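Letters go in sequence order (proteins before strands), and every chain restarts at 1. These figures come from a predicted structure and were not determined experimentally.
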There are 2 protein chains.
Amino acid sequence: MPGQHTLDETESQVATRLAGMDLDFEAMAVTANLFRAANAARNQMERTVLAKSNLTWTGFVVLWVAWIWESAETREIASEAGVSKATLSGVLTTLESRGLLVRKRGERDGRLVTVELTTAGKRLMKGLFPEFNKAERRVTRGLDSAQLPAIAEYLRQITQAASD
Amino acid sequence: MPGQHTLDETESQVATRLAGMDLDFEAMAVTANLFRAANAARNQMERTVLAKSNLTWTGFVVLWVAWIWESAETREIASEAGVSKATLSGVLTTLESRGLLVRKRGERDGRLVTVELTTAGKRLMKGLFPEFNKAERRVTRGLDSAQLPAIAEYLRQITQAASD
DNA sequence: TCGAGATCGTTCGGGTCCAAACTATCTCCG
DNA sequence: CGGAGATAGTTTGGACCCGAACGATCTCGA
């Protein structure tokens, strides 16, 4: 759902408006399109896959991390999901109240909390993830599939550079 | 600030955990790393550039769109910024109360609202954007600069595929 | 052993974020 | 004309989002 300006028009307006300034326009184009792509993909997947299960994006990611790792500590979930521990705390409360996961206080270290999916949570992920993957396939369908691993690698480099 | 698992460990755990399922793992790697990269870059730029001006990410993007287009209609800002009109309405109220922009009711069409930066808003953007661009350069520093335009193009394709 | 400092998850306050409902305005057809 | 329907921005309610402050727990050196 494009606005009333096309992407090309926007980028050309940017170039005109900022002409003469000492800027890295190529870096700008990469980051601008990075955020546009992530946003568009997220909105698309929220609407087509997550909405029918009444899950938010973050809720889904949290469930996904706990599912993949069988059982995960909260600080790790926060890191993987890309949210602060404060945010995660609230999201966990929401998901726990819906019976999708449980918190368990660490036995050896009383400060830690680990998260485990309930049976309902596992069933939900098992049914939902293949659909989610279809949506992942859909948003990457414009790309040459031979290039996919290289593109993933470029994105890892960005994550790396932004993480210190 | 990586979690306690490295990115490699995570991807290998994913592969093990989901082995045997009929999934597109390459599409998965691209989207997963897309969100990781966007998130890491956003957090980095919020902390290093935006925080000192007490601006949120969305607030900055909204100011940026209005700045680039001199004056913009709200539905267009919402589309460019990737937020709903409901969200934009609140963000505009925040920025307006801080004296960075003004709303103007459309003269020909009384339903429309256009947004213009105040002098203070323009001054802020003029000072902030070069710094923002430095951060953009920073998060792309791990990439071969000859590849930058191609990478921007890949990301445009994802946006395209996710937009209908 | 015992307390200073580190680390963990939660709480708090204020700002996004969205869908749905709402008000105001415009369009256009009968 | 006049009103039915389309369109624009705002409000509402509930969830996310973060930094900072907090209480609980652990560690480790004197």
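In this structure, A/W64 has its ring center no closer than 6.0 Å to that of A/F132.
Among residue pairs with one or both ends in residues 11-23 of chain A, those qualifying as side-chain hydrogen bond (donor to acceptor under 3.5 Å, both in side chains) are A/E11-A/N33, A/E11-B/R156, A/R17-B/E70; sequence neighbours excluded.
Closest approach of B/M125 and B/P130 over heavy atoms only: O-CD, 4.3 Å.
Tested against B/E96 for a side-chain contact (heavy atoms from CB on, under 4.5 Å), the candidates B/T118, B/V115, B/L101 yield a single pass: B/L101. Residue B/Y154 forms a side-chain contact (heavy atoms from CB on, under 4.5 Å) with just one option from A/T140, A/L143, A/D144, and that option is A/L143.
Side-chain contact check for B/T56 versus B/L50: every heavy-atom pair is 4.5 Å or farther apart. Looking only at side-chain heavy atoms (C-beta outward), A/T74 and A/K85 stay at 4.5 Å or farther from each other. In this structure, A/R36 and B/S163 have side chains that are not in contact, with every pair of non-hydrogen atoms separated by 4.5 Å or more. Side-chain contact between A/T10 and B/E80: present, with at least one pair of heavy atoms (C-beta onward) separated by less than 4.5 Å.
A donor-acceptor contact closer than 3.5 angstrom is absent between the side chains of B/S145 and A/E26.
Considering only residues two or more places apart in sequence or on other chains, B/L18 meets the side chain to side chain contact (heavy atoms under 4.5 Å, CB included) condition with A/W67, A/I68, A/F129, B/V14, B/M21, B/L23, B/F25, B/M28.
Rounded to an integer number of Å, the gap from CG of B/L112 to P of D/dA8 is 7 Å. When rounded to the nearest whole Å, the span between CZ of B/R105 and P of D/dG9 equals 8 Å. When the C1' atom of D/dT25 is taken as reference, atom CZ of A/R75 falls 14 Å away, rounded to whole Å.
Proximity of residues 85-103 of chain A to DNA chain C (heavy atom under 4.0 angstrom from any strand atom) is restricted to A/K85, A/A86, A/S89, A/R103. Of the residues in residues 32-45 of chain B, none lies under 4.0 Å from DNA chain D by heavy-atom distance. Listed by residue number, B/T56, B/T58 are the residues of residues 52-72 of chain B with a heavy-atom contact under 4.0 Å to DNA chain C.
Taking the nucleotide of DNA chain D with the nearest heavy atom to each of A/V83 and A/G110, the more 5' of the two is matched to A/V83.
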Exercise for the section: Step by step, work out the side-chain hydrogen bond (donor to acceptor under 3.5 Å, both in side chains) result for B/R103 and B/T93. Expected result: CA-CA 9 Å; B/R103 278 190 249 226; B/T93 300; 2.6 Å; yes
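Under a 4.0 Å N-O distance rule, the pair A/E131/A/K52 qualifies as a salt bridge.
Of all nucleotides in DNA chain C having an atom under 4.0 Å from a heavy atom of chain B, the first and last in 5' to 3' order are C/dG15 to C/dC26.
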